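Below is one structure; the comments refer to it alone.
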Amino acid sequence: MTEKWRLNTSSEVPLHQQIYDFIKNRIMNGEWPVGTRIPPQRELALKFQVNRSTVVYALSELAADGLIEAKVGQGTVVVNNTWSLLAAAPPPDWNQYVKSGTYQPNIRMIQQINRAEADPGMIRLGTGELSPDLLPTADMREMFNSNIADKFTLGYSEPKGSLYLREIIGGYLKKKGIDASPASILIVSGGLQGLQLISVGLLHHGSAIFVENPSYLNSIHVFQSAGMHLHGIPMDPAGIQTESIGRLKRQLEAALLYTIPSFHNPTGTLMSSERRADLLQVCAQERLPVIEDDVYGDLWFAEPPPPPLKALDQQGLVLYMGSMSKTLGPGLRIGWIVGPEPVIDRLADIKMQTDYGSSSLSQHAVAEWLSSGRYENHLLHIRSELMKRRDFTIAMLERYFDGIAEWDIPQGGFYIWLRITRSVSIRPLFEQALKEGILLNPGNIYDRNDHQHLRVSYAYASYDQLEQGLIRLSGFILAYPAN
């Protein structure tokens with residue numbers, strides 16, 4: 001329970017009056033506009049830590065004053081506020097505006113996940129980011145406290161981003177086999193903004209997008225909200241299966257294909273070099289552009305992944321996306337898109353219309369880390385720590401999930417794609433775990449027809465949390481009857 005719901009039990013003001021004042025203030029200051037659904041009585045009693053009868057009394061007073069009303073099928077909703085009590089014309093119904101927006105809301109489960117991730121007491125078994133303990137906070141602070149290079153500025157950067165950073169990124173990509181001039185690189189505020197720019201800048205409403213099935217894209221609505229339709233292509237241990245792409249492309253008139261070939265989200269799959277060559281050949285034959293998302297490509301364990309698709313691209317077919325969110329820190333909000341200059345020019349123009357450029361402070365930080373060698377040293381540390389965490393998690397799975405789940409051992413990245421072999425209802429399992437303080441990422445947010453998998457991340461939770469969370473999760477699953 002957060003502080004804002006606490007009542008003053010030592011006050012002379014009765015508890016029901018404090019609840020009345022709390023809700024009325026929310027309504028009068030516009031936080032709860034007309035049409036807002038008031039939390040149920042049981043939930044309010046829990047939040048305020050009072051008897052339900054106290055809540056009922058406060059709500060009856062609010063109803064008597066014409067501020068709320070019980071409606072069939074809707075619960076108790078706000079029907080008036082201070083503006084409509086004082087003015088003849090009713091205030092705007094902000095809930096109607098909310099429902100009318102073009103950007104689709106997240107599915108309820110993802111909204112629950114997003115809210116639960118803000119709870120510091122939650123064991124987050126599926127979170128796709130580095131633990132705060134693995135972020136180079138002290139080194140970053142030291143860098144900013146040292147002499148700042150002459151190239152640093154607090155002004156706007158040019159449309160494609162800092163030229164200095166793009167030159168540095170060009171050198172960094174050269175090591176991956178990608179030849180990219182600064183003119184063909186666009187700095188974006190994280191990979192998600194890159195996808196948003198592509199969706200509004202390059203695609204028509206109603207376009208078909210091919211994705212791996214399951215796919216990270218199914219957990220966000222960046223393309224769907226722009227009117228696109230996602231079509232899943234099956235995967236196997238070598239990556240996306242290419243056999244049906246040509247036929248489906250002609251049938252659906254697909255606009256592009258989105259793939260995460262290195263340490264795929266959510267499955268952890270590493271696409272083989274042979275499959276990469278096959279995929280690029282098929283897409284070249286079908287003139288099907290590719291978005292290659294390589295945000296996990298630096299997080300390999302025993303050996304580097306095969307060269308990116310972009311390194312094999314001889315026709316300007318691939319838009320390559322990278323980011324610092326999974327390695328250096330999500331709060332930096334710095335990523336990049338590499339592609340043909342006309343495409344990058346188009347996306348840069350749209351970016352200038354939306355945010356006028358990514359943070360100059362973050363751009364400077366990334367440039368300094370890449371140019372100074374700090375980033376490579378940091379990667380050595382992060383790879384070592386992630387591999388230890390992976391091995392620990394695998395050991396926990398072998399001990400507590402033998403006979404109730406199956407999994408592969410990832411060669412890099414964050415994720416283990418855990419297949420539950422018992423007949424388990426994913427939604428009740430998710431809700432039960434959430435009530436017990438354990439946050440899961442079920443497979444159905446990546447493939448709506450998947451009711452067997454969980455995305456387990458070894459990147460965020462501590463060792464103690466991983467052990468405690470996995471032991472309790474296995475207990476929940478074992479409580480279900482065997483097949």
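Quick caveat, the model's predicted, so the values are computed rather than measured.
Distance check, rounded to the nearest 0.5 Å: CG of L418 to CG of N441 gives 12.5 Å. Summarising the geometry, atom CG belonging to L252 is positioned 5.0 Å from atom CZ belonging to F210; distances are rounded to the nearest 0.5 Å. Note that CZ of R472 and CD1 of I123 are 5.5 Å apart. Values are rounded to the nearest 0.5 Å. Here CG of N265 is found 9.5 Å from OG of S457. Values are rounded to the nearest 0.5 Å. Between L165 atom CG and I185 atom CD1 the span is 8.5 Å, to the nearest 0.5 Å. Note that CD of E212 and OG1 of T269 are 8.5 Å apart. Values are rounded to the nearest 0.5 Å.
Between S358 and K351, the closest heavy-atom pair is OG-NZ, 3.0 Å. What you find for L130 and L135 is that their closest heavy atoms are CB-CD2, 3.9 Å. Annotation for R427 and R108: closest pair NH2-NH1, 2.6 Å, computed over non-hydrogen atoms. Of all heavy-atom pairs spanning P442 and I113, the tightest one is CD-CD1, 4.4 Å.
Side-chain atoms of E69 never come within 3.5 Å of backbone atoms of V79 as a donor-acceptor pair (strictly under, hydrogens ignored). Using a distance-only test at 3.5 Å, with no hydrogens or angles considered, no donor-acceptor pair links the side chain of R448 to the main chain of I445. Distance alone, capped at 3.5 Å, places no donor-acceptor pair between the S425 side chain and the P428 backbone. Panel note: side chain S362, backbone L332; a donor-acceptor pair is recorded below 3.5 Å. A side-chain donor-acceptor contact under 3.5 Å links Q18 to the backbone of V13.
Annotation: ring-ring contact (aromatic ring centres under 6.0 Å, His included) contacts involving residues 432-461, sequence neighbours excluded, comprise W417-H453.
Side-chain contact, H16 with E61: no donor N or O sits under 3.5 Å from an acceptor N or O. Counting only N and O atoms by type, the side chains of S325 and E129 include no donor and acceptor under 3.5 Å apart.
Classification of the Y258-Y216 ring pair by plane angle, with boundaries at 30° and 60°, yields tilted.
Evaluation of the side-chain contact (heavy atoms from CB on, under 4.5 Å) rule for T327 yields D298, L299, M324, Y375, L379 as partners, not counting sequence neighbours. Residues that satisfy the salt bridge (Lys or Arg N to Asp or Glu O under 4.0 Å) test with R346, not counting sequence neighbours, are absent from this structure. Partners of R455 under the salt bridge (Lys or Arg N to Asp or Glu O under 4.0 Å) rule, at least two apart in sequence or in another chain, do not exist in this structure. The side-chain hydrogen bond (donor to acceptor under 3.5 Å, both in side chains) test applied to D21 returns Q17, not counting sequence neighbours. Partners of E117 under the side-chain hydrogen bond (donor to acceptor under 3.5 Å, both in side chains) rule, at least two apart in sequence or in another chain, are T127.
Ion pair E385/R389 not flagged as a salt bridge, since none of the NZ, NE, NH1 or NH2 atoms sits closer than 4.0 Å to an Asp/Glu carboxylate oxygen.
Looking at P33 and V78, their side chains never come closer than 4.5 Å, going by heavy atoms from C-beta outward.
Looking at M396, R390, K388 one by one, the single match for side-chain contact (heavy atoms from CB on, under 4.5 Å) with F392 turns out to be M396. Considering D345, D349, V343 as possible partners of L347, the one that fulfils the side-chain contact (heavy atoms from CB on, under 4.5 Å) test is V343.
Aromatic ring centroids of F48 and F22 lie under 6.0 Å apart.
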